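Please read all numbers here as calculations on a predicted model, not as lab measurements.
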Amino acid sequence: MNNSQKYEQNDLQKYLEEKAKQEQEKKEEQEPEPLSAYDACVLKESAKIHELIAEAQKRPKDD
């Protein structure tokens with residue numbers, strides 16, 4: 001992966017994080033609804049995936 005691809009990936013990740021933050025704020029403004037078991041599971045797995053991605057990005061890449 002070259003530098004421009006890394007920058008594009010970082011920009012995309014920042015954009016997605018910002019969108020997720022905006023949607024979370026939007027949901028908080030609305031009447032809170034209890035999460036279904038499915039939604040709770042999806043959020044939990046999504047958090048795990050984000051942690052794995054962050055760990056992978058911290059590691060040096062072997063070319």
Side-chain angles (χ1 to χ4, degrees):
M1 186 180 292
N2 63 32
N3 284 342
S4 65
Q5 288 174 326
K6 287 181 184 179
Y7 290 129
E8 287 177 16
Q9 183 179 5
N10 287 341
D11 289 344
L12 177 59
Q13 185 173 351
K14 287 177 185 179
Y15 171 77
L16 292 175
E17 288 173 356
E18 184 63 31
K19 285 297 266 184
K21 182 179 175 183
Q22 289 173 359
E23 290 204 12
Q24 183 64 32
E25 290 173 355
K26 183 178 171 184
K27 285 181 182 180
E28 288 174 359
E29 290 175 2
Q30 297 174 352
E31 192 67 29
E33 296 179 21
L35 290 178
S36 68
Y38 173 80
D39 289 337
C41 181
V42 168
L43 289 173
K44 182 178 176 183
E45 293 302 313
S46 177
K48 286 182 186 178
I49 291 169
H50 285 286
E51 287 178 23
L52 290 172
I53 290 171
E55 286 179 26
Q57 288 177 342
K58 289 179 185 176
R59 294 182 186 167
K61 192 90 168 173
D62 292 335
D63 289 341

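Sequence neighbours left out, the pairs with a member in residues 47-59 that pass salt bridge (Lys or Arg N to Asp or Glu O under 4.0 Å) are Glu45-Lys48.
Residues Leu43 make up the rest of the hydrophobic cluster containing Leu35, defined by ILVMFWY side-chain heavy atoms closer than 4.5 Å, directly or through other members.
Residues passing the side-chain contact (heavy atoms from CB on, under 4.5 Å) test with Glu18 are Lys21, Gln22, sequence neighbours excluded. Under the rule for a side chain to side chain donor-acceptor pair (under 3.5 Å), the partners of Asp39 that lie at least two apart in sequence or sit in another chain are Ser36. A search for side chain to side chain donor-acceptor pair (under 3.5 Å) contacts involving Glu17 returns Gln13, not counting sequence neighbours.
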